[in-house]
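Keep in mind that this is a model prediction, so the values were computed, not measured. Chain A is the first sequence line, chain B the second, and so forth, proteins listed ahead of strands; every chain is numbered from 1.
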Amino acid sequence: MLVRFGFVAMSALLEQASPSKAVTFKNYQQLAQQDPGAAMEKVKRVAKGNLFNTLRLLRHCQANGVKLYRFSSKIIPLATHPGLTGWDYITELNLPLQELGDFVKHNKIRIAFHPDHFTLINTPREDVFQASVADLMHHCSLLNAMRLDDQAKLITHIGGAYGNKEFSLNKYVENWARIPQHIARRITLENDDKIYTARETLYLCQKLKLPMVLDIHHFACNHEKVSHIEDIYPGFVATWQETGLPPKIHVSSPKSEADFRAHHDYVDANSVYKFLMMARDFQLDLDVMVEAKQKDKAMFKLVQDLSQLPNIMPVSEASIKV
DNA sequence: ACCTGTCAAGTCTGG
DNA sequence: CCAGACTTGACAGGT
């Protein structure tokens, strides 16, 4: 089976290529006080820089055989901030957005966004829910402007427990019905490291017919005593069946025993290897997102480390056959 | 050039 | 019930 690897947002190898440069609202306000035009110009300049660097990062991916990439959610500074109403960044930035989309499509790169964890579909608060829908809408609008189809996904977590997980899982289902269709078609659910386990995430994915992203580090942090990843795996891969996409997992390693949930600079190849040997029985292609501090550098190292192990054949700098 | 505190957003925890 | 932690890259303001 073919296993492809990718990385998140920034590169540790490409210099001066941040796709997440920011303008803080505080700074925006300070500038706007003196010259409102200049404040807006700064936001636009930073947004254009982020889009330009994202294109550089995609070229870097293409040059190195990387077919999986996650856009930075901070690509447009202050995009959904209530203090900047009426900024039509989709129209304004249409050209660079289309350029990104063209590059992605031409090179068949699998793209995703991971909206921040302020985006909470199962919140009991209506204002938080509305802000979350606006944020999801924002991410969708960017993908639409790039003319990327529903295979470009938004990866989200289930949300908070709010003191009662069962109630809050039901709240998710209830609120799910209020998510606009064109957004819903892009959403995938990922198990988290503290609250919702892989088993609970799979339950919700099956119920709502959503693809599931399986994070194996989160699984190690947070799972039922009796739960094994090999029991989750068949159900997890089945959630991707109708999408035309390979199932996707996230990998990372604990920073330390004491700080187990935090991400290490690199990924321990043995833990990924163990998983791949289990997955091998299913003979299904797999996409692996590396979430490590050293970003693409950690991803290339992981592929190299795996290639030393039995039953692994390197295919490119960023993919292997198992 | 480098260091420290701060940043739009929500939720959970520990006191 | 409220302050602080959580997490992250990057800015702002200081030396």
Donor-acceptor pairs are to be reported for all side-chain atoms of residues 210-219 of chain A against protein atoms at under 3.5 Å, with residues two or more places apart or in another chain.
{"unit_1": "A:Asp215", "atom_1": "OD1", "unit_2": "A:His217", "atom_2": "N", "d": "3.0"}
{"unit_1": "A:Asp215", "atom_1": "OD1", "unit_2": "A:His218", "atom_2": "N", "d": "2.9"}
{"unit_1": "A:Asp215", "atom_1": "OD2", "unit_2": "A:His218", "atom_2": "ND1", "d": "3.3"}
{"unit_1": "A:His217", "atom_1": "ND1", "unit_2": "A:Ser252", "atom_2": "OG", "d": "2.8"}
{"unit_1": "A:His217", "atom_1": "NE2", "unit_2": "A:Phe260", "atom_2": "O", "d": "2.9"}
{"unit_1": "A:His218", "atom_1": "ND1", "unit_2": "A:Glu190", "atom_2": "OE2", "d": "3.3"}
{"unit_1": "A:His218", "atom_1": "ND1", "unit_2": "A:Asn191", "atom_2": "O", "d": "2.9"}

Practice problem: Indicate whether any N or O donor in one side chain lies under 3.5 Å from an N or O acceptor in the other, for A:Gln98 and A:Asn94. | Solution: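 Yes, a side-chain donor-acceptor pair sits under 3.5 Å.
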Please report the distance, rounded to the nearest Å, between [atom1] in [X] and [atom2] in [N].
X	N	atom1	atom2	value
A:Gln29	B:dA8	CD	C1'	11 Å
A:Leu78	B:dA9	CG	P	11 Å
A:Lys74	B:dC7	NZ	C1'	10 Å
A:Asn164	B:dC12	CG	P	11 Å
A:Leu84	B:dC7	CG	C1'	15 Å
A:His138	B:dA9	NE2	C1'	13 Å
A:Leu31	B:dC7	CG	C1'	15 Å
A:His81	B:dC7	NE2	P	12 Å

Using the [atom1] atom on both, measure [N] against [M] and round to a whole Å.
N	M	atom1	value
C:dG4	B:dG5	C1'	15 Å
C:dA12	B:dA8	P	11 Å
B:dC2	C:dT7	C1'	23 Å

Self-check item: Stepwise side-chain hydrogen bond (donor to acceptor under 3.5 Å, both in side chains) check, A:Ser11 with A:Asp296
Solution: CA-CA 6 Å; A:Ser11 167; A:Asp296 53 342; 2.6 Å; yes
Self-check item: Phosphate-side-chain proximity, A:Thr119 and B:dG10, N/O vs OP1/OP2 below 4.0 Å
Solution: no
Would you indicate what [X] reaches in the nucleic acid, counting non-hydrogen atoms under 4.0 angstrom: base, sugar-phosphate, or nothing?
X	value
A:Thr123	sugar-phosphate
A:Lys255	nothing
A:Ala161	sugar-phosphate

Quiz item: Sequence neighbours excluded, which residues qualify as side chain to side chain donor-acceptor pair (under 3.5 Å) partners of A:Asn64?
Solution: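 Once residues adjacent in sequence are excluded, the partners of A:Asn64 under the side chain to side chain donor-acceptor pair (under 3.5 Å) criterion are A:His60.
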Quiz item: Are any of the side-chain heavy atoms of A:Met10 and A:Ser72 separated by less than 4.5 Å?
Solution: no
Exercise. Anything below 3.5 Å on both distances counts as a pair; with that, list the stems of at least three consecutive Watson-Crick or G-U pairs involving DNA chain C.
Key: B:1-7 with C:9-15, B:10-15 with C:1-6
Exercise. Output the residues of residues 16-25 of chain A in contact with DNA chain B, where contact means a heavy atom of the residue under 4.0 Å from an atom of the strand; sort by number or write none.
Key: A:Thr24, A:Phe25
Quiz item: Would you say A:Phe118 stacks on B:dG10, if stacking means ring centres under 5.5 Å apart and planes within less than 30 degrees?
Solution: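 Not stacked: fails the 5.5 Å / 30° test.
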For the pair [X] (side chain) and [Y] (backbone), establish whether a donor and an acceptor sit closer than 3.5 Å, ignoring hydrogens and angles.
X	Y	answer
A:Arg56	A:Gln16	yes
A:Ser271	A:Asp268	yes
A:Asn50	A:Lys21	yes

Quiz item: Any chance the rings of A:Tyr89 and A:His138 have centres within less than 6.0 Å?
Solution: yes
Quiz item: Centres of the A:His157 and A:His114 rings: under 6.0 Å?
Solution: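 Ring centroids of A:His157 and A:His114 are less than 6.0 Å from each other.
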Can I get a per-line list of side-chain donor-acceptor pairs under 3.5 Å for residues 307-322 of chain A, giving both atom names and the distance, sequence neighbours left out?
{"unit_1": "A:Ser307", "atom_1": "OG", "unit_2": "A:Val303", "atom_2": "O", "d": "2.7"}
{"unit_1": "A:Gln308", "atom_1": "NE2", "unit_2": "A:Gln304", "atom_2": "O", "d": "3.4"}
{"unit_1": "A:Ser316", "atom_1": "OG", "unit_2": "A:Ala318", "atom_2": "N", "d": "3.0"}
{"unit_1": "A:Ser316", "atom_1": "OG", "unit_2": "A:Ser319", "atom_2": "N", "d": "3.2"}
{"unit_1": "A:Ser316", "atom_1": "OG", "unit_2": "A:Ser319", "atom_2": "OG", "d": "2.8"}

Quiz prompt | Bounds of contact between DNA chain C and chain A, in 5' to 3' order, using a heavy-atom cut-off under 4.0 Å | solution = C:dC6 to C:dG13
Quiz item: Mapping A:Lys42 and A:Lys194 to their closest nucleotides on DNA chain C, which lands nearer the 5' end?
Solution: A:Lys194
Quiz prompt | Whether over 12 other heavy atoms sit under 6.0 Å from A:Lys301 NZ | solution = no
